[in-house]
Amino acid sequence: MKISVIYHSETGNTRRMAELITSAAAAAAPGVEARFFAAEGVDRSFLEESRAVIIGCPTYQGSLSWQIKRFIDAPGVELAGKLGGCFASQNWPGGGGADFAEMTIIAGMLVLGMLVYSGGITQGQPFLHFGAVSARSPEGIYEERCIKLGENIARKAIELFGQD
Ligand SMILES: Cc1cc2nc3c(=O)[nH]c(=O)nc-3n(C[C@H](O)[C@H](O)[C@H](O)COP(=O)(O)O)c2cc1C
């Protein structure tokens, strides 16, 4: 079971989220091989073989960064049928726009024919709602949310697709 985590990051916050999500996904179940890639350096064959794709970005002007929008507009690989999850970093604990960034990523995933999942409030705390969100660096509750997202996506991917 391969899982790709794709991110854009300029100052490292979103990259750290990607690292946490990737290691949590890999640890969630035996046989999961998770890797993370900057959006401009994706291993296309690994992405092609991935059953789940988790996409994250910093919040720019209350929405997703243009670098991740560009990736969603032209992923270069057929993503239809893959399981999608999302994460976003913002500067302020409340109201910075990360939720809107995540909903815009989710909209793109739906248009591409992906299945979307976070676990929401159904998999215990910390709750995720749309995906993992952090304010600046992912520490404490923000770190826990990243770990939760990686675990939830890995487990759901295995439930949907088997060990594959
Ligand atoms: C052009 C630009 C626009 C931004 N707009 C927002 C915003 O609307 N809301 C917010 O909370 N943070 C905003 N930020 C802050 C970043 O989202 C935040 O610092 C994020 O953690 C950066 O992630 P990175 O370290 O992965 O690059 C903005 C930053 C930049 C550079």
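Whatever order the structure lists ligands and atoms in, that order sets their numbers, starting from 1. Note that the numbering runs from 1 along the sequence shown for the chain.
- Considering backbone and side-chain atoms together, S9 places an N or O closer than 3.5 Å to an N or O of ligand 1.
- Below 4.0 Å from some heavy atom of G62 lie the following atoms of ligand 1, by number and element: 7 (C), 8 (O).
- Between K148 and E151 there is no salt bridge, since no side-chain N of the basic residue sits under 4.0 Å from a carboxylate O of the acidic one.
- The E10 neighbourhood of ligand 1 comprises atoms 24 (P), 26 (O), 27 (O), with distances under 4.0 Å to a heavy atom of that residue.
- Among T59, N91, T11, T14, the residue whose heavy atom lies nearest to atom 14 (N) of ligand 1 is T59.
- Under a hydrophobic-cluster definition in which Ile, Leu, Val, Met, Phe, Trp and Tyr are linked whenever side-chain heavy atoms come within less than 4.5 Å, directly or via other members, I158 and F161 are assigned to the same cluster.
- Q163 CD to M1 CE: the interatomic distance, rounded to the nearest 0.5 Å, is 7.0 Å.
- Put simply, L47 and L83 are part of two different groups of oily side chains (I, L, V, M, F, W, Y) that touch within less than 4.5 Å, one to the next.
- The protein heavy-atom contact nearest to atom 31 (C) of ligand 1 is Y60 CE1, 3.6 Å.
- Scanning the protein heavy atoms around atom 5 (N) of ligand 1, the nearest turns out to be Q61 N, 2.9 Å.
- Here is the list of ligand 1 atoms found below 4.0 Å of a heavy atom in W92: 11 (O).
- The protein heavy atom nearest to atom 20 (C) of ligand 1 is S89 OG, 3.3 Å.
- Side-chain heavy atoms closer than 4.5 Å link hydrophobic residues (I, L, V, M, F, W, Y) into clusters, and following such links, even through other members, never connects V133 to F127.
- Scanning the protein for heavy atoms near atom 7 (C) of ligand 1, the closest one is G96 O, 3.5 Å.
- If you check which protein heavy atom lies closest to atom 22 (C) of ligand 1, you get P58 CB, 3.6 Å.
- Counting heavy-atom neighbours within 6.0 Å of L110 CG, excluding the residue itself, gives a total above 12.
- Using a 4.0 Å cutoff on heavy atoms, G12 counts as a contact of ligand 1.
- Between Y7 and F37, the distance from one ring center to the other does not fall under 6.0 angstrom.
- A salt bridge links E19 with R15: the distance from a Lys NZ or Arg NE/NH1/NH2 to an Asp or Glu carboxylate oxygen falls below 4.0 Å.
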